[in-house]
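Worksheet for the structure shown next.
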Protein chains: 2
Amino acid sequence: MAKAYERIADELRESIRAGELKPGDRLPSETKLAEDHRRSVPTIRDALRLLQDEGLIEKLHGRGNFVRKARTRVLRTNDRHQWEKDRAREPEAKRLETGSTEHDTGLEVDDLVFHASYRETKADKEIAEALGVPEGSALVERSYRTRYAAETAPFALVTSYLIRALVESNPDLLDAANEPWPGGTQNQLLSVGIELDRIEERVTARPPTPEEAEELELPPGTSVLLLRKTSFDLNDRVVEMSDVTLPGDRTEMLFTTPLERW
Amino acid sequence: MAKAYERIADELRESIRAGELKPGDRLPSETKLAEDHRRSVPTIRDALRLLQDEGLIEKLHGRGNFVRKARTRVLRTNDRHQWEKDRAREPEAKRLETGSTEHDTGLEVDDLVFHASYRETKADKEIAEALGVPEGSALVERSYRTRYAAETAPFALVTSYLIRALVESNPDLLDAANEPWPGGTQNQLLSVGIELDRIEERVTARPPTPEEAEELELPPGTSVLLLRKTSFDLNDRVVEMSDVTLPGDRTEMLFTTPLERW
DNA sequence: GAGTGGTCTAGACCACTGT
DNA sequence: CAGTGGTCTAGACCACTCC
């Protein structure tokens, strides 16, 4: 025999999937649902929590419970890397026009708000391994937040690591005041004589930590995508590594793999 | 003033992050926690549910609440596509040895259990658009489940779509009895004269549906990765499309993007 | 059988939203 | 102000695990 709160959740889920309850619709109040199903309010709330955890409904205090609407997605492609490499050697005037985020989103520079901060650190075990340097090596840790001007939450949390010894010959690379840097990271690396050979991106997913949920303004019932991007130079050395946290309900990543001809 | 259940959750989360409570450790019983914090048991349970939703703890009925251990990850790379393309033209004996899943996981064929089923359908609006065919076109819908022999849950749910008109010249492609097909999908397509030019993969993440959680044996507090793979032939036609659902807590996807030289 | 978490109740009181 | 969901209590009873 199935549990009451599961049966009630199943019923509501079915109504939502069938389209009887459409995105934006208000569900009956919790007391109303309790009467209808002849159950106590806490039992109803158990059912609604299941639906919330699945991302199907949104609970708004004082207003009601609503079927969740899909959020508009931000597309992030891997051809941005080649695009950024090409762009890195353009004259500064050209580089100022657009960054890779604008390339992805098709937006103007003015539609986006950009924030960067730099910090000097030493590599812990995990980061050292990812960068292929000894533990304790001096690093430049750079933190980026980009959001739509019309919104309050950023659409990505980015932490990027550079190996200080590789970039310190250009002091401009140690100062966040030079951000946003026209031409992006690949132009920064070019300024110290580094050319990239390839980029590796590792992707996983999990529920957000409370801190991530807070900063990305994620409602309950959403996931985050974790992207670790590693850049290799022509000598197969790791020259940069970034950890990116993206909201799962509004991010779509597109990777294109070209194949050699037979 | 913070809510009691949040404060209790914060305290426990901190203990876990600090390593005072290690993966596998049992938390104090709910009644014990209630006494310690001078709160009712339901309030403690509210706190523990937060931690469960974050994927930090595992609730085991009759045994206790435990700090969750990380599961071993399955790596899925995008160089599998080129590998599979090369493999598609090898003689059958060679193709029988390993499939792309074994290529990714480094396992033997015997370590994996494979299941396939075919079904003929018509393209609904969404699928038709993805395949670039008219709505209602005849399709071959193929469903795959692969799991470790030692485990009960598959590590991926795959639904693949072929356009019937493109493949029906080889009747073997309409029969699941020929699975696992030596050489995989690219060899199947070769048998009807199709060569692939590139593969596009779109990735998003969200909490699992109850059905996905059931089939993948996902504990609460995990996400799924959704991968839509689209294969294009030399004429830029879509010739195959797959939707893949992967457990977020045990899947890592690796995409390598090579860059052209300056 | 002792100890654990899971389901469910009935209700008090608080906090937020709208009119 | 009425109506909504959010927090919390105190306790009954069930189901599972392990000794």
Side-chain angles (χ1 to χ4, degrees), chain A residues 1-13 15-16 21 24-69 152 210 213-214 217-221, chain B residues 1-13 16 21 24-69 210 213-214 217-221:
Chain A
M1 174 237 157
K3 295 140 233 174
Y5 75 101
E6 284 185 353
R7 277 190 289 102
I8 296 167
D10 288 348
E11 219 171 276
L12 290 167
R13 189 186 302 109
S15 296
I16 294 171
L21 285 167
D25 283 0
R26 216 201 78 181
L27 274 60
S29 76
E30 300 184 351
T31 46
K32 176 77 165 44
L33 285 169
E35 286 165 16
D36 291 355
H37 291 87
R38 292 158 200 284
R39 292 289 167 178
S40 69
V41 169
T43 297
I44 298 300
R45 290 177 59 77
D46 284 345
L48 294 174
R49 197 177 38 247
L50 286 185
L51 300 180
Q52 183 183 35
D53 288 347
E54 292 166 25
L56 286 178
I57 68 166
E58 196 171 1
K59 313 201 92 230
L60 298 182
H61 192 172
R63 301 211 324 165
N65 301 313
F66 297 82
V67 180
R68 187 173 302 161
K69 296 179 186 170
T152 57
E214 156 97 40
E217 291 175 18
L218 294 175
Chain B
M1 175 236 157
K3 296 139 233 174
Y5 75 101
E6 283 186 354
R7 275 189 290 103
I8 296 166
D10 288 348
E11 219 171 275
L12 291 167
R13 189 186 301 109
I16 294 171
L21 286 167
D25 284 0
R26 216 201 75 179
L27 275 60
S29 76
E30 299 184 351
T31 46
K32 176 79 164 45
L33 285 170
E35 286 164 17
D36 291 355
H37 292 87
R38 292 156 201 285
R39 293 287 164 178
S40 69
V41 169
T43 297
I44 299 297
R45 290 176 60 76
D46 284 344
L48 294 174
R49 197 177 43 247
L50 286 184
L51 301 180
Q52 183 183 35
D53 287 347
E54 292 165 24
L56 286 177
I57 68 166
E58 196 170 2
K59 311 201 93 230
L60 298 182
H61 193 171
R63 306 210 348 200
N65 301 313
F66 297 82
V67 180
R68 191 180 291 166
K69 296 179 189 170
E214 156 97 41
E217 291 175 18
L218 294 175

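Throughout, a chain's letter reflects where its sequence line sits, starting with A, and its residues are numbered from 1.
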Walking DNA chain D from its 5' end, the first of B/T43 and A/L48 to be reached, judged by nearest nucleotide, is A/L48
Whether B/R49 and B/D53 form a salt bridge (side-chain N of Lys/Arg under 4.0 Å from carboxylate O of Asp/Glu) is what I want to check. no
Atom CD of B/E6 and atom C1' of D/dG6: how far apart are they, to the nearest Å? 11 Å
Out of D/dG5, C/dT4, D/dT9, minimum distance to the side chain of B/T31 belongs to C/dT4
Indicate, with a heavy-atom threshold strictly under 4.0 Å, whether A/D46 touches base, sugar-phosphate, or nothing. nothing
Taken to the nearest whole Å, CD/A/E58 to P/D/dT4 is 18 Å
Any B/R63 side-chain N or O less than 4.0 Å from OP1/OP2 of D/dC16: no
Go through D/dC8, D/dT4, C/dG5 for me and flag the one nearest to the B/S29 side chain. C/dG5
Could you state the CD-P distance from B/E30 to D/dT9, rounded to the nearest angstrom? 14 Å
Both A/L60 and B/K59 contact DNA chain C. Which one's nearest nucleotide lies toward the 5' end? B/K59
Residue that, paired with A/K59, satisfies side chain to side chain contact (heavy atoms under 4.5 Å, CB included) out of A/L48, A/L51, A/L27: A/L48
Testing the basics here: between A/N65 and A/L60, what is the closest heavy-atom pair and its distance to 0.1 Å? OD1-N, 4.5 Å
What is the distance, rounded to the nearest whole Å, between atom CZ of A/R45 and atom P of C/dC14? 17 Å
Please lay out, stage by stage, how A/D46 and A/I8 fare under the test side chain to side chain contact (heavy atoms under 4.5 Å, CB included). CA-CA 9 Å; A/D46 284 345; A/I8 296 167; over 6 Å; no
Provide, to the nearest angstrom, the distance between the CD1 atom belonging to A/I44 and the P atom belonging to D/dT4. 14 Å
Please report the distance, rounded to the nearest Å, between NZ in B/K3 and C1' in C/dC14. 12 Å
Would you please confirm or rule out a distance under 4.0 Å between OP1 or OP2 of D/dT7 and any side-chain N or O of B/Y5? yes
As a test of reading the structure: which of C/dT9, C/dG18, C/dG5 is closest to the side chain of A/R39, going by heavy atoms? C/dT9
Just how far, in rounded Å, is P of C/dT17 from CZ of A/R26? 15 Å
Whole-Å distance between D/dG3 P and A/N65 CG? 17 Å
For the side chain of B/H61, counting heavy atoms from C-beta on, which of D/dG6, C/dG5, D/dT7 is nearest? C/dG5
How close do B/L50 and B/E6 get, counting heavy atoms only, and between which atoms? CD1-CG, 4.3 Å
Within the 4.0 Å heavy-atom criterion, would you say B/S40 contacts the bases, only the backbone, or no part of the nucleic acid? base
Comparing B/G62 with A/P42, nearest DNA chain C nucleotide closer to 5' gives the residue B/G62
